[in-house]
2 protein chains.
Amino acid sequence: MTPRAGGAGPGSRPATIIDVAEAAGVSRQTVTRAMNDMPGIKVATKERVLAAAKELAYRPSRFGRGLVGHTQRTVGLVVDDLMNPYYPQLASAVVSSARDRGWNVILAQTAKAADQYSLIADLAKQADVVIGYPALTDTQAQEVLAGVPFVRIDMGEYTYGGGVEMEVDDAMGDLADHLLERGSQRPVLLDVGLPGFPSARGQSFLTAMADRGVRVPTVTAASKSLSSGVAGGNALLAAHPDVDAIMTFNDIVACGALKALHEAGVDVPGRVRLAGCDGLNLGRFVSPELTTLAVDMNAVAESAVGMALGMYDGEVPLQGVRARVAHHLLVRAST
Amino acid sequence: MTPRAGGAGPGSRPATIIDVAEAAGVSRQTVTRAMNDMPGIKVATKERVLAAAKELAYRPSRFGRGLVGHTQRTVGLVVDDLMNPYYPQLASAVVSSARDRGWNVILAQTAKAADQYSLIADLAKQADVVIGYPALTDTQAQEVLAGVPFVRIDMGEYTYGGGVEMEVDDAMGDLADHLLERGSQRPVLLDVGLPGFPSARGQSFLTAMADRGVRVPTVTAASKSLSSGVAGGNALLAAHPDVDAIMTFNDIVACGALKALHEAGVDVPGRVRLAGCDGLNLGRFVSPELTTLAVDMNAVAESAVGMALGMYDGEVPLQGVRARVAHHLLVRAST
DNA sequence: ACGGTGGCCGTGAACGTTCACGCTACGGGT
DNA sequence: ACCCGTAGCGTGAACGTTCACGGCCACCGT
């Protein structure tokens, strides 16, 4: 297994700083000075070194470099599946946020991985901090990450590491007001999970509506997928033919419900108002555009990255810190 | 700037292999043997070492490790913007494909970066190969990447590095047949770019239709964005009120056109059949689901990653190799 | 008793880079 | 003439790990 394809001859090992130094007739340090725009080098010498470097296709080794000055920092980002429209939004924000601070992002995807555990273990070997949604219990995470700063997004009941929480209650109140103002009288919740066990955000909607004197029936979809949303939408229409507003677990399920409504010939928002949750960009691609409880992903990412980097620098404890980002009501065309 | 938060006391530097060796009363090499499941170590010793390592929160330095054995390989993936539904599909496939081969993926996003050039330059310092859609000319790419194996997706007119091409002609023929079989007689192309300069895939549609004796008028949208698709859709309806089939530049524009059609009260596919291009997952979220010219992103990624890794290993020339992946017609509900 | 064979473990060297110094030559000031 | 500062460059050392050896001991066979 040949290490790297060098620039000069095929099969030749990649050039090192010493090769360049010899070719230019100078010392290692002078090459360093030339490559890194450091002072204390004559222009002519610098040019000569740079020419030699180019000639030999010299590229400084990130390992040699990383070894001496601890600069080359990397955050490991764990998502479930980029094909799920939720994660790109997070990933995009994390990548920007990390880059702004001079960090790189290594991406790991748990959905298609055979072994979650070893996936995260490998990631932890390559990264200085880990952020995201690993499908790991606290115990497993502690085992695998062994000291690597770790920030969970949407931490929930987990406790190991830090977390960023997305709060929905206030915005849910706004949504309830919004729906009632528009005249909805028979709202239904399309939740996800097990019937009888409302999700946190589902419960939040029920409570918000109850506070306003409206009792909301619930229909429960099996999973938070598109097809599940379609099935849930159909079931909901069958069980509550007179529904005039639907709040769904998230935007993806809302899209599914919208398809069901569309196929049933139900006008949105004319006959039924429909709202989702997460604020996905996806909601702008469907017709009508989806009203949703959005969360500023840039704020989430900024918060998560900031916390992880703080942990790395020892300024934030590795345990028990939680940040909170609030959802807000984003009214679009579907309500 | 404290390097890394160690496990023991705050402010203490991270433990090295030597710290562990001393704590366990053995040598470096024995620690290595214990950590890497190598033979030639007694079980009792191994346990003692592992305990010491855990106690000190020891994590092997990826730099030290990478320096000696050239293992820890990384592909740099360049996308424009993960918020654009096209890129997650590619990124997801590349990440899986790379992981299958034991490589990591560092993600870079050009859209939000202030300086494209330095973004790619930084990426090239961290990665062993670069794959993707850098917004760089051949000259710039050559300058920045200086010898790093480079594979462009959708290479087009560029020549530096390798490329993966996505061919559309055959599938476009299938689409033309499909539309004609369903009885469409007045198809219109909703292209993107400058009026009078059809895109490659736009031209492909025109040609396919011409081959079948149908002349297709073109409406041109300003950019390949959703809003541009809406505007284009409206313009198209105004210019060709009797249209009965629309082929769009891509799925995103198709979604925009679908919104325009929806708002104009035009039934799809009843009165107008609508097709997109790219095979985005997005097309399944809208109603009706979008017929599209899909490309197997896993094949594209597999091809790109394979090529880049081949270049790295010196088995594939760094220049002039092109792989081709064909689109195929994916009939869904919109036609 | 002696050579041989493995199991277990330790020691130098190497990987490629930067940091902290040290050295030389030259120029200007007194 | 002398000293001193500085520009320009070079030399050890250090970063943390693994590889290639080599040493020691116990055990086996003859």
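Computed from a predicted structure; not experimentally measured. Numbers restart at 1 for each chain; the letters A, B, ... are given by sequence-line order, proteins then strands.
- Per the geometry, CD1 belonging to B:Ile17 stands 19 Å off P belonging to C:dA14, to the nearest Å.
- As a whole-Å value, the separation of B:Arg62 CZ from D:dC15 P is 18 Å.
- For C:dG10, the OP1/OP2 oxygens have a side-chain nitrogen or oxygen of B:Thr30 closer than 4.0 Å.
- A salt bridge does not link A:Lys112 to B:Asp100: none of the charged nitrogens lies less than 4.0 Å from a carboxylate oxygen.
- Taking atom CG of B:Leu67 as the reference point, atom C1' of C:dA13 lies 13 Å away to the nearest angstrom.
- By the 4.0 Å N-to-carboxylate-O rule, B:Arg152 lies close enough to B:Asp138 to be salt-bridged with it.
- Whole-Å rounding puts the A:Ile41 CD1 to D:dG10 P distance at 9 Å.
- Ranking C:dC9, D:dG10, C:dT18 by closeness to the B:Arg33 side chain, first place goes to C:dC9.
- Nearest-nucleotide positions on DNA chain C place B:Gly40 closer to the 5' end than the other of A:Met35 and B:Gly40.
- Although no hydrogens or angles enter the test, the distance criterion places no donor-acceptor pair under 3.5 Å between the side chain of B:Glu315 and the main chain of B:Gly310.
- Contact between the side-chain N/O atoms of A:Ser27 and the OP1/OP2 oxygens of D:dG10 is found at a separation under 4.0 Å.
- Across C:dG10, C:dC15, C:dT18, the shortest atom-to-atom separation from the side chain of A:Arg65 is found for C:dT18.
- Side chains of B:Gln89 and A:Leu82 form no contact here, defined as non-hydrogen atoms less than 4.5 Å apart.
- Rounded to whole Å, atom P of D:dG16 lies 16 Å from atom CD of B:Gln72.
- Among all heavy-atom pairs drawn from B:Gly40 and B:Arg33, the shortest one is O-CD, 3.7 Å.
- Here the side chain of A:Gln29 is nearest to one of D:dC9, D:dT11, D:dC15, namely D:dT11.
- Contact check, A:Thr45 against D:dC9: a side-chain N or O comes under 4.0 Å of OP1 or OP2.
- B:Arg59 places its CZ atom 16 Å from the C1' atom of D:dC15, with the value rounded to the nearest Å.
- At whole-Å resolution of the value, CZ in B:Arg28 and C1' in C:dT11 are 7 Å apart.
- Residue contacts for A:Thr16: at a heavy-atom cut-off of 4.0 Å it reaches the sugar-phosphate backbone alone, with no base atom in range.
- We find that CG of A:Asn36 is positioned 12 Å from C1' of C:dC19, with the value rounded to whole Å.
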